[in-house]
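Please read the structure below before turning to the comments.
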Amino acid sequence: MKKMIYILPLLFVALFSACEVESGDSSYPRTLQGKIAFNEVEGRLSQCVSLLALMTKVDYYGQAPIDEKEGIKNYFLRDYVITNTEDTWTLKDDYKEMVFTHNKKSLNESGEIWTIKVTIKLWDGETITMIKEQNFRVESMGDKDWRIKTYDLKLFSPTHGYSYPTENVCNSELSVKGVKAYDKSPNLYDFKIEEGKGSLNMNKTNIGFQLLQPASYSYSTSTSLNLIISSGELDITADKDKIKAKVIASGYYPVVEITLNGLTETY
């Protein structure tokens, strides 16, 4: 896991530097910097939706009658040991612990606020905190309607457990709604980020973004990933570059139309 933590930012640096240095080299697509910036932004949107999806499963388990909890755990949360206090739920596996703090109400009840703290154990036995309570906050606006705020949030995957170093963080505000997923989905809901904006500091590159069209996320049985973006349009700035990114088809890697400083290419 420790290798994964450091490989990802090095890849970003290598690709972004290659784009800048070799901008005239025909071996590189001319809009590659825009695609890299989109990947970074979309990774943060996916992270937020994935953490929200996990919160909804924990809430569903917590609100269920005692005689239904085991079945819910075995289907949605089978990889974790679950414990609780009056205002927390804790999920724990062999290498991470996730503590969800709440106001003793359902995540679908207006005014309810949930946060998360994530601690992981590295292969050498070191324990580090990846997410603190102030880094990720979800407020319910009503049934299946949430507002997410992130503050200096590191990149962390609930599934794979990786993160960028401390300086690579995201600040964002997102409005998200859920719709019931199909019956055999590993998630309760599919999600649509209806509005959103934010900023990233990625290896000294300042990236800003704003949604132009809602971004939809759902589970795809044809891939190994949980939630896949299937639509959405973003306005992105990466230092002085102006980028528009439009998802035109979903898949393991979505098909994206990138416009960088007026030049358009499809990936």
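As the structure is a computational prediction, the values presented were derived from the model and not from experiment.
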**Request:** List the steps, then state whether side-chain contact (heavy atoms from CB on, under 4.5 Å) holds for Glu173 with Lys149.
**Result:** CA-CA 5 Å; Glu173 296 184 14; Lys149 288 188 178 181; 4.1 Å; yes

**Message:** Working note: Val179 + Phe191, criterion side-chain contact (heavy atoms from CB on, under 4.5 Å); need CA distance, chi angles, decisive distance, verdict.
**Reply:** CA-CA 6 Å; Val179 295; Phe191 298 92; over 6 Å; no

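Using a distance-only test at 3.5 Å, with no hydrogens or angles considered, no donor-acceptor pair links the side chain of Glu112 to the main chain of His102. With hydrogens and angles ignored, the 3.5 Å screen pairs a side-chain donor or acceptor of Asp93 with a backbone N or O of Tyr95. Using a distance-only test at 3.5 Å, with no hydrogens or angles considered, a donor-acceptor pair links the side chain of Thr56 to the main chain of Ala53. Side chain of Asn171 to main chain of Asp152: a donor-acceptor pair is present (N/O by atom type, distance under 3.5 Å, no hydrogens or angles). Using a distance-only test at 3.5 Å, with no hydrogens or angles considered, no donor-acceptor pair links the side chain of Asp235 to the main chain of Gln210. Put simply, the side chain of Asn187 never gets that close to the backbone of Tyr189: no donor and acceptor are under 3.5 Å apart.
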For residues 130-140, which side-chain N or O atoms pair as donor and acceptor with protein atoms under 3.5 Å away, sequence neighbours left out?
{"from": "Asn135", "atom 1": "OD1", "to": "Lys132", "atom 2": "N", "distance (Å)": "2.7"}
{"from": "Asn135", "atom 1": "ND2", "to": "Tyr151", "atom 2": "O", "distance (Å)": "2.9"}
{"from": "Ser140", "atom 1": "OG", "to": "Leu107", "atom 2": "O", "distance (Å)": "3.1"}
{"from": "Ser140", "atom 1": "OG", "to": "Glu109", "atom 2": "O", "distance (Å)": "3.1"}
{"from": "Ser140", "atom 1": "OG", "to": "Gly142", "atom 2": "N", "distance (Å)": "3.2"}
{"from": "Ser140", "atom 1": "OG", "to": "Gly142", "atom 2": "O", "distance (Å)": "3.2"}

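Grouped with Val255 in one hydrophobic cluster are Ile248, the linkage being side-chain heavy-atom contacts under 4.5 Å among Ile, Leu, Val, Met, Phe, Trp and Tyr residues.
Ile128 and Met98 fall within a single hydrophobic cluster, where Ile, Leu, Val, Met, Phe, Trp and Tyr are joined by side-chain heavy atoms under 4.5 Å apart, directly or via other members. Note on Val118: it clusters hydrophobically with Leu122, by side-chain heavy-atom contacts below 4.5 Å among ILVMFWY residues. Hydrophobic clustering (side-chain heavy atoms under 4.5 Å, transitive across Ile, Leu, Val, Met, Phe, Trp, Tyr) keeps Tyr61 apart from Val99.
In Lys35, the NZ atom is crowded: over 12 heavy atoms of neighbouring residues, nucleotides or ligands sit closer than 6.0 Å. Taking a 6.0 Å sphere around NZ of Lys117, one finds it holds 12 or fewer heavy atoms contributed by other residues, nucleotides or ligands.
Separation of atoms NZ (Lys197) and OG (Ser172) is listed at 11.0 Å; rounding is to 0.5 Å. Note: Lys192 NZ to Leu211 CG = 11.5 Å, rounded to the nearest 0.5 Å. A distance of 9.5 Å separates CD1 in Ile207 from SG in Cys170, rounded to the nearest 0.5 Å. Distance CH2/Trp146 to CE/Met55: 11.0 Å, rounded to 0.5 Å. Taking OH of Tyr267 as the start and CG of Asn39 as the end, the distance is 10.0 Å to the nearest 0.5 Å. To the nearest 0.5 Å, the span separating CD1 on Ile193 from OG on Ser216 amounts to 9.0 Å.
Take Asp79 and apply the salt bridge (Lys or Arg N to Asp or Glu O under 4.0 Å) test, not counting sequence neighbours, and it matches no residue. For Ser199, there are no side-chain hydrogen bond (donor to acceptor under 3.5 Å, both in side chains) partners two or more places apart in sequence or in a different chain. Applying the salt bridge (Lys or Arg N to Asp or Glu O under 4.0 Å) rule to Asp143 yields no partners; only residues at least two apart in sequence or on another chain are considered. Evaluation of the side-chain hydrogen bond (donor to acceptor under 3.5 Å, both in side chains) rule for Ser46 yields no partner, not counting sequence neighbours. Taking the side chain to side chain contact (heavy atoms under 4.5 Å, CB included) definition, one finds that Asn84 meets it with Trp89, sequence neighbours left out. By the side chain to side chain contact (heavy atoms under 4.5 Å, CB included) test, Lys242 is found to be paired with Thr237, Asn261, residues two or more places apart in sequence or in another chain being considered. Legend: residues meeting side-chain hydrogen bond (donor to acceptor under 3.5 Å, both in side chains) with Thr264, ordered by chain and number and at least two apart, are Thr259. Every salt bridge (Lys or Arg N to Asp or Glu O under 4.0 Å) that Lys104 has, sequence neighbours left out, goes to Glu86. Partners of Lys180 under the side-chain hydrogen bond (donor to acceptor under 3.5 Å, both in side chains) rule, at least two apart in sequence or in another chain, are Asp183.
Side-chain contact between Lys96 and Lys121: absent, with no pair of heavy atoms (C-beta onward) separated by less than 4.5 Å. Residues Trp114 and Leu52 have side chains not in contact (no heavy-atom distance under 4.5 Å, counting atoms from C-beta outward). Contact check for Leu77 versus Ile82: side-chain heavy atoms found under the 4.5 Å cut-off. With a 4.5 Å cut-off on side-chain heavy atoms, Lys244 and Leu234 do not count as touching. Residues Lys246 and Val256 are not in side-chain contact: their nearest non-hydrogen atoms beyond the backbone lie 4.5 Å or more apart. Proximity of Glu265 to Arg30: side-chain heavy atoms (C-beta onward) are separated by under 4.5 Å at one or more points. Two residues are said to be in side-chain contact when any heavy atoms from C-beta on lie closer than 4.5 Å; Gln63 and Asn108 fail this criterion. Put simply, the side chain of Val58 reaches to within 4.5 Å of the side chain of Leu91, judged on heavy atoms.
Judged purely by distance below 3.5 Å, without hydrogens or angles, the side chains of Lys154 and Asn168 never pair a donor atom with an acceptor atom. Between the side chains of Thr127 and Thr119, no donor-acceptor pair of N or O atoms lies under 3.5 Å.
Screening Leu45, Leu174, Val49 for a side-chain contact (heavy atoms from CB on, under 4.5 Å) involving Ile148 leaves a single residue, Leu174. Screening Thr90, Leu54, Thr88 against Phe100 for a side-chain contact (heavy atoms from CB on, under 4.5 Å) leaves a single residue, Leu54.
For Ala245 against Ile258, the heavy-atom pair with the smallest separation is CB-CD1, 3.6 Å. Between Glu126 and Asp124, the closest heavy-atom pair is N-OD1, 2.9 Å. For Gly34 against Ile243, the heavy-atom pair with the smallest separation is CA-CD1, 3.7 Å. Looking at every heavy atom in both residues, Cys48 comes nearest to Thr150 through SG-CG2, 3.7 Å. Pairing each heavy atom of Leu153 with each of Arg44, the nearest pair is O-NH1, 2.8 Å. Across all their heavy atoms, Leu155 and Gly43 have their closest contact at CD1-O, 3.9 Å.
The aromatic rings of Phe76 and Tyr60 lie perpendicular to each other, with more than 60° between the two planes, well past the 30° mark.
Salt-bridge check for Lys92 with Asp94: failed, with every basic side-chain N at 4.0 Å or more from each acidic carboxylate O.
The side chain to side chain donor-acceptor pair (under 3.5 Å) pairs that include a residue from residues 68-78 number zero, where partners must be two or more places apart or lie in different chains.
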